[in-house]
Amino acid sequence: MRLDKLLGHTGWGTRKELKELCKSGQVTINGDICRDSGRKVDPQEDVVSVGGQVVSYEEYIYLMLYKPAGVVSATEDNVSKTVIDLLPRQYQGSRLFPVGRLDKDTTGLLLLTNDGTWAHGITSPKKHRAKHYQAVVEGHIPADLGERFASGIVLDDGLHCLPAEARQTGDHTIAVVVEEGKFHQVKRMCAAVGLTVTKLHRSSIGQVALDERLQPGEFRPLTEDERNSLSL
Ligand code: URA
């Protein structure tokens, strides 16, 4: 792999910036200064450093983000800030993308990766992965809410949802568990029972729960166990 590709992937700058960085003599390969940003390196064998700091290269990255309200689950957007914009520069060259989507106003657990195969395994409808949501709702919460979700809600456009779980948790709050990821699914399921969702938060996907130590906008890498639990 070219040196500038490795450094770009790990957030050290654009191709042009990396050319300058190398020229300035700050980059070493196995202890020797390398002024040519196009030099070929073996990420598994060669030790690349910038200003004495060893660059650790991992092809695939897996993060959990506490998505705040007001940012879109996309890699680029002409109008709004994206979830990728929340990440530090180190991750900007890594081609990360969100695994599935949360609406702009929805908060909570969003996974980010650059591993397309892993992401596909999570979003695949065949996997039936439980996703837990908490919603603040307007309207009268029906007494048979649980039964109606369990028997499979039919959405406004006639689409049949798989059986899901819902229960009232407060005067204006409900908890919902769904295994699918249809567009605006939770909001539309709630609408089908006469409820308007005013706030929506996702707390888990499969075995992976949003880390309670994270604040909105913060992220951390997934542990190996978390990553593997979603690969099954
Ligand atoms: N269901 C919704 O309606 N919105 C989300 O963001 C996630 C699930």
Side-chain angles (χ1 to χ4, degrees), residues 63-77 79-87 96-113 119-142 145-146 148-170 172-211 214-219 222 226 230:
L63 306 176
M64 72 157 71
L65 170 75
Y66 186 159
K67 180 193 170 298
V71 296
V72 294
S73 302
T75 52
E76 278 177 2
D77 194 274
V79 182
S80 305
K81 200 167 170 174
T82 73
V83 288
I84 303 299
D85 294 331
L86 297 172
L87 302 175
L96 290 165
F97 58 87
V99 179
R101 276 163 192 267
L102 288 178
D103 297 334
K104 189 173 176 181
D105 58 350
T106 301
T107 58
L109 177 62
L110 187 69
L111 302 171
L112 302 172
T113 189
H120 184 255
I122 295 168
T123 49
S124 163
K126 287 186 206 136
K127 294 281 175 165
H128 296 285
R129 248 179 250 289
K131 284 167 268 194
H132 288 244
Y133 292 89
Q134 291 77 44
V136 178
V137 292
E138 270 173 12
H140 172 71
I141 300 175
L145 177 76
R148 289 173 73 179
F149 270 62
S151 63
I153 296 277
V154 181
L155 300 180
D156 49 2
D157 56 1
L159 221 65
H160 286 251
C161 296
L162 289 176
E165 291 171 33
R167 67 186 166 84
Q168 184 163 3
T169 50
H172 303 285
T173 53
I174 63 170
V176 176
V177 186
V178 294
E179 293 184 347
E180 304 168 279
K182 295 188 202 305
F183 186 59
H184 296 324
Q185 177 149 3
V186 174
K187 291 176 185 167
R188 291 165 73 204
M189 288 171 99
C190 288
V193 297
L195 298 172
T196 304
V197 174
T198 56
K199 272 192 185 161
L200 187 61
H201 178 85
R202 181 160 69 190
S203 54
S204 67
I205 301 172
Q207 300 299 308
V208 177
L210 180 63
D211 191 324
L214 293 177
Q215 298 297 315
E218 292 182 345
F219 70 96
L222 289 187
E226 287 170 335
L230 293 172

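Just so you know, these numbers come straight off a predicted model, no measurement behind them. Each ligand, and each atom within it, is numbered from 1 in the order the structure gives. Residues: numbered from 1 along the sequence shown.
The protein atom (non-hydrogen) at minimum distance from atom 4 (N) of ligand 1 is D103 OD2, 2.7 Å. Looking from atom 1 (N) of ligand 1 to the surrounding protein, the closest heavy atom is V186 N, 3.0 Å.
Dense packing is recorded around NZ of K182, with more than 12 heavy atoms of other residues, nucleotides or ligands lying under 6.0 Å away. For R188, the CZ atom sits in a packed shell: over 12 heavy atoms of surrounding residues, nucleotides or ligands are nearer than 6.0 Å. The environment of E180 atom CD is dense: over 12 non-hydrogen atoms of other residues, nucleotides or ligands sit within 6.0 angstrom.
Short contacts between ligand 1 and H184, defined as distances under 4.0 Å to a heavy atom of the residue, involve ligand atoms 1 (N), 2 (C), 3 (O). Counting the atoms of ligand 1 from 1 in the order shown, those under 4.0 Å from a heavy atom of Y133 are 7 (C), 8 (C). Applying the 4.0 Å criterion to heavy atoms of T106 picks out, from ligand 1, the atoms 4 (N), 5 (C), 6 (O).
Note on D77 versus K104: no salt bridge recorded, every NZ/NE/NH1/NH2 to OD/OE distance being 4.0 Å or above.
Proximity of L200 to ligand 1, defined as any heavy-atom pair under 4.0 Å, is confined to the side chain (atoms from C-beta onward).
Residues A74 and I84 approach most closely at O-CG1, 3.8 Å, considering heavy atoms.
No donor-acceptor distance shorter than 3.5 angstrom exists from the side chain of T82 to the backbone of E76, with no hydrogens or angles considered.
Geometrically, ligand 1 and K187 share a nitrogen or oxygen pair separated by less than 3.5 Å.
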